[in-house]
Amino acid sequence: MADTAEKVPAAESSSSSAEASIAVEKTEPTTTEKKKWGDVEDDDEEEANAVSELNSLSIKEEEKHESVLEEPEDSNIKAVTSGDTPYTSASRFEDLNLSPELMKGLYVEMKFEKPSKIQAISLPMIMTPPHKHLIAQAHNGSGKTTCFVLGMLSRVDPNLREPQALCICPTRELANQNVEVLQKMGKFTGIAVEVAVPERTRGVSNMRRDAVSAQVVIGTPGTIKKWIAFKKLGLNHLKILVFDEADQMLATDGFRDDSLRIMKDIERVNPTFQVLLFSATFNETVKDFVARTVKDPNQLFVKREDLALDSVKQYKVVCPNEQTKIEVIKDQIMELGDIGQTIIFVRTKVSANKLHKALAEMGYDVTSVHGSMENEDRDKIVKEFKDCLTQVLIATDVIARGFDQQRVNLVVNYNMPTKHDSGGEPDYEVYLHRVGRAGRFGRKGAVFNLLLDDRRDIEVMEKIEKYFGAHVKEIKSWNSEEEYKIALKEAGLLDE
DNA sequence: AAAAAAT
């Protein structure tokens, strides 16, 4: 892997004046009977509220300021602890007892100043014995990656040349990205990381490799399973297992079977290992499952209405037909000039190819990425985009989650995200994740939802608005350049 | 349908 350090998210905890005013209530240690996450999140009854007041440290937004930069971490994160271990929110990295090498990585390499809100709350929970499991929900772009990467680095023994931390991700892109973050943050620690994703060379010689000696392994389910099966990934010293995009990793239509299998394999060897589950979204179904699967976890969560990023303005455009969508892309989106990078999400791989071809034939410089491409092509396209060599990327939902590129200011939903099985119901989680590709760490951004002029699309959009309690403004004429300009100015992406 | 990856 080439050195890609500078593309790695580095600003997760860069400070702003807004942060100074955030009050963190340090509640006394709570002695809590185990509370299922679902009990609290369904804040339908007073009972739930009572629980969260009594048993949680509740970190509240201190004041609403009309700041231009709305930081996602300004909003409420509720914590529910399990057991009687006291946790104190870490307002500074110094509070965490990290090694000097790790501190240097944070300050010098990552250029962090202090923990973001989710980091301040979750890191003590991750690091304090008896190392309880953790389920953590936090906004897109709020620094979740740092939480578990730092968690892994701090819990690993650099002198033991055995795998001790394992992180499982839904896509190779995400695995690679997390590896880069870990390498950068752990640069001075001497901790090694290995990425477990399908090799370029699909073939035989794969399993002739040596057993992994790196302390940290990050990868996708299939390859990890394979390494375990072939005894290339020893589990004897594994003490921490991380699921990135955990709701997807544990969803029935996701990677549930693989994930459970890996968990069981580890549990057999080491019953006391710690599990960390991170995502911006956890729907009710997944939540229930998680509550039954992971025992007595500490829990952090965000209310659905607080989850939409205020810094990203959302718009909808009703297009008379499919062809006009392409014209919108061509005449409006592609002609915008310098507003940063853009991701155009489409529903299928075929649409990705079609749109790519259509735009290329009109002379536009775009690239596209989806799961049927050769792995090395995928890597290359994504790297080019991260290096800012390309401005507009057409993509399926491969990169809907987690993809961190701070210069993405505009997301276009060429197709709205819908669930396949339930008759065109909106996929709320995917929508939120797509939107989250813009506005990383509180930056400004905009989303254009291109709707076909039929009931289905209109309804999907309405339901999404209702679900998140967010207003999505309409661009009244799909071909009015002026309206798009106004929208972008409003979003803060265009000057006068 | 997409995603991972190979039973």
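Residue numbers begin at 1 in each chain, while the letters A, B, ... track the order of the sequences. Quantities reported herein were computed from a predicted structural model and do not represent experimental measurements.
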Practice item. To the nearest Å, give me how far apart NE2 (A:H433) and P (B:dA2) are. Key: 19 Å

Practice item. Can you tell me the distance, in whole Å, between the CG atom of A:D258 and the P atom of B:dA5? Key: 9 Å

Point to revise | Distance in angstrom units between A:I168 CD1 and B:dA4 P, rounded | key: 15 Å

Practice item. Report the relative orientation of the aromatic rings in A:F468 and A:Y428; use parallel for angles under 30°, tilted for 30 to 60°, perpendicular for over 60°. Key: perpendicular

Review point. Can we call the ring centroids of A:Y431 and A:Y467 under 6.0 Å apart?
Key: no

Check your understanding: Within this structure, what is the CZ-to-P distance between A:F255 and B:dA2, rounded to whole angstrom?
Key -> 14 Å

Point to revise | Candidates B:dA3, B:dA1, B:dA5 - which lies nearest the side chain of A:P198 | key: B:dA5

Practice item. Consider the side chain of A:T223, meaning its heavy atoms from C-beta on, and name the nucleotide among B:dA3, B:dA2, B:dA5 that approaches it most closely. Key: B:dA5

Check your understanding: Nearest of B:dA5, B:dA3, B:dA1 to any side-chain atom of A:T396?
Key -> B:dA3

Exercise for review: Take the protein atom CG of A:N353 and the nucleotide atom C1' of B:dA2, then report the distance between them rounded to whole Å.
Suggested key: 14 Å

Exercise for review: For salt bridge (Lys or Arg N to Asp or Glu O under 4.0 Å), just list the numbers for A:E194 and A:R209, CA-CA rounded to whole Å, side-chain angles, deciding distance to a tenth of an Å, and then say yes or no.
Suggested key: CA-CA 13 Å; A:E194 188 142 0; A:R209 49 159 304 149; 2.9 Å; yes

Revision key, fill the gap. To the nearest angstrom, the CZ-C1' distance between A:F403 and B:dA3 comes to 16 Å

Practice item. Tell me what A:R401 touches on the nucleic acid: a base, only sugar-phosphate, or nothing, going by heavy atoms under 4.0 Å. Key: nothing

Exercise for review: Identify whether any heavy atom of A:K225 sits under 4.0 Å from a base atom; if not, whether one sits that close to sugar-phosphate; answer base, sugar-phosphate or nothing.
Suggested key: nothing

Point to revise | Nearest-nucleotide pick for A:T220, side chain only, options being B:dA4, B:dA3, B:dA1 | key: B:dA4

Practice item. Provide, to the nearest angstrom, the distance between the OH atom belonging to A:Y431 and the C1' atom belonging to B:dA1. Key: 19 Å

Check your understanding: Under 6.0 Å from the six-membered ring centre of A:Y414 and within 45° of its axis: does the NZ or CZ of A:K325 meet both?
Key -> yes

Practice item. Output yes when at least one side-chain N/O atom of A:K226 is less than 4.0 Å from OP1 or OP2 of B:dA5, else no. Key: no

Check your understanding: Rounded to the nearest Å, what distance is computed from the CG atom of residue A:D427 to the P atom of nucleotide B:dA3?
Key -> 14 Å

Revision key, fill the gap. side-chain contact (heavy atoms from CB on, under 4.5 Å) with A:I343: of A:V412, A:I394, A:I399, A:V392, only one passes, and it is A:I399

Review point. Counting only side-chain N and O atoms of A:K349, is one of them less than 4.0 Å from OP1 or OP2 of B:dA3?
Key: yes

